[in-house]
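Treat the numbers as computed from the prediction; the structure is a model and nothing was measured.
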Amino acid sequence: MEWKRISTSDRTLVDEFIRQQWYTTTMIIRGKEIDMTQTEGFYVKEQEDIIGLITYFVSDDVLEVISLNSLRENQGIGTKLVDAVIREAKDRKLKKILVVTTNDNINAIKFYQKRGFDMACLYHNALDISRKIKPEIPLIGDHSIPLRHEIEFELLI
């Protein structure tokens, strides 16, 4: 496995992976549209294929994770990608890392809490706002849970 920081030379490969995983390169978080082709990040590649990716952007003294994908569950790929982002935040002397997920994403809620992130904010009915920007967001999410809220986790550095 090869671990790399996203660079301009591999941006096309990364953007194609984003499209395959998210069906779009636009993410809506807290009612704000984010172009994932403009994010920083790290990825894991095996042979010619990306098998894990984390994207983020930095604003002021906060690093915000935009997406995290691992095509191989329970092999430590997601953890190593989050660890890379934590090191990045420390190297840049940032104050905290944020990540927002939806109320149906039980795996992410568990994953981030196990890695020291704390639930910091609930954006009640945030998906109603997001659907006005991106109507294709479904009404029902994982585990047949109504997709309504965003939950913000933070890790203080």
Side-chain angles (χ1 to χ4, degrees), residues 5-6 10-45 49-86 88-89 94 96-156:
R5 177 185 299 273
I6 297 172
D10 51 24
R11 193 73 229 197
T12 301
L13 177 69
V14 169
D15 293 347
E16 182 55 34
F17 180 83
I18 291 169
R19 279 184 201 88
Q20 289 171 358
Q21 298 305 306
W22 296 96
Y23 309 106
T24 181
T25 57
T26 302
M27 183 78 71
I28 310 296
I29 300 175
R30 292 184 310 275
K32 185 172 105 180
E33 192 170 336
I34 298 162
D35 179 358
M36 292 168 49
T37 68
Q38 301 301 308
T39 56
E40 297 179 66
F42 300 94
Y43 67 93
V44 183
K45 190 174 170 185
D49 298 321
I50 293 177
I51 60 171
L53 171 72
I54 191 165
T55 63
Y56 62 88
F57 71 86
V58 175
S59 179
D60 299 322
D61 57 0
V62 176
L63 184 152
E64 183 165 357
V65 173
I66 304 304
S67 68
L68 174 61
N69 295 91
S70 173
L71 300 186
R72 297 194 186 147
E73 298 293 317
N74 301 312
Q75 291 189 15
I77 294 168
T79 298
K80 287 181 182 178
L81 289 166
V82 168
D83 289 346
V85 164
I86 292 170
E88 181 75 7
L94 303 175
K96 66 180 166 180
I97 299 172
L98 295 180
V99 62
V100 174
T101 192
T102 51
N103 64 287
D104 68 316
N105 197 341
I106 305 302
N107 290 337
I109 292 167
K110 178 175 68 171
F111 176 85
Y112 286 109
Q113 289 182 94
K114 286 175 71 173
R115 281 146 190 88
F117 287 75
D118 191 20
M119 199 177 297
C121 192
L122 171 70
Y123 296 96
H124 193 261
N125 292 324
L127 277 292
D128 292 343
I129 296 165
S130 296
R131 283 188 192 94
K132 290 177 183 173
I133 301 166
K134 191 175 177 182
E136 61 269 24
I137 296 172
L139 294 172
I140 304 297
D142 292 345
H143 311 286
S144 300
I145 297 172
L147 192 50
R148 295 184 181 137
H149 317 296
E150 290 179 335
I151 303 167
E152 182 177 279
F153 290 88
E154 70 178 10
L155 178 69
L156 301 177

message: If we ignore hydrogens and angles and just use 3.5 Å, is the side chain of Thr55 paired with the main-chain N or O of Ser67 as donor and acceptor?
response: yes

query: For residues 49-69, which residue pairs qualify under salt bridge (Lys or Arg N to Asp or Glu O under 4.0 Å), counting only residues two or more places apart or in two chains?
result: Arg30-Glu64, Asp61-Lys95

Would you give the length of the straight line joining atom [atom1] of [X] to atom [atom2] of [Y], rounded to the nearest 0.5 angstrom?
| X | Y | atom1 | atom2 | result |
| --- | --- | --- | --- | --- |
| Leu139 | Ile137 | CG | CD1 | 10.0 Å |
| Thr37 | Asp15 | OG1 | CG | 5.0 Å |
| Ile66 | Ile34 | CD1 | CD1 | 3.5 Å |
| Ile18 | Ile50 | CD1 | CD1 | 8.0 Å |
| Thr26 | Glu33 | OG1 | CD | 5.0 Å |

Does some side-chain heavy atom of [Y] sit less than 4.5 Å from a side-chain heavy atom of [X]?
| X | Y | result |
| --- | --- | --- |
| Ile106 | His143 | yes |
| Asp35 | Thr25 | yes |
| Leu71 | Gln21 | yes |
| Glu40 | Ile6 | no |

Distance-minimising heavy-atom pair for [X] and [Y]:
| X | Y | answer |
| --- | --- | --- |
| Lys96 | Leu156 | CB-CD2, 3.8 Å |
| Arg5 | Tyr43 | O-CE2, 4.1 Å |
| Trp22 | Met36 | CD1-CE, 3.7 Å |
| Gly52 | Leu81 | C-CD1, 3.7 Å |
| Ile77 | Ser70 | CB-OG, 3.5 Å |
| Ile129 | Gly31 | CG2-CA, 4.0 Å |

message: Run Ile97 and Tyr56 through side-chain contact (heavy atoms from CB on, under 4.5 Å) and show every step you take.
response: CA-CA 10 Å; Ile97 299 172; Tyr56 62 88; over 6 Å; no

- prompt: Can you list every pair that meets side chain to side chain donor-acceptor pair (under 3.5 Å) and has a residue in residues 98-122, with sequence neighbours left out?
  reply: Thr79-Arg115, Thr101-Asn105, Thr102-Asp104

field: Pairs where residues 119-140 contributes a residue and the test side chain to side chain donor-acceptor pair (under 3.5 Å) is met, not counting sequence neighbours
entry: Tyr123-Glu152

query: Only one of Leu155, Val85, Leu98 forms a side-chain contact (heavy atoms from CB on, under 4.5 Å) with Val65, so which one is it?
result: Val85

task: Check the pair Ile29, Lys32 against side-chain contact (heavy atoms from CB on, under 4.5 Å), reporting the backbone distance first and the verdict last.
output: CA-CA 5 Å; Ile29 300 175; Lys32 185 172 105 180; 5.8 Å; no

query: Is Lys45 atom NZ crowded by more than 12 heavy atoms from other residues, nucleotides or ligands, each under 6.0 Å away?
result: yes

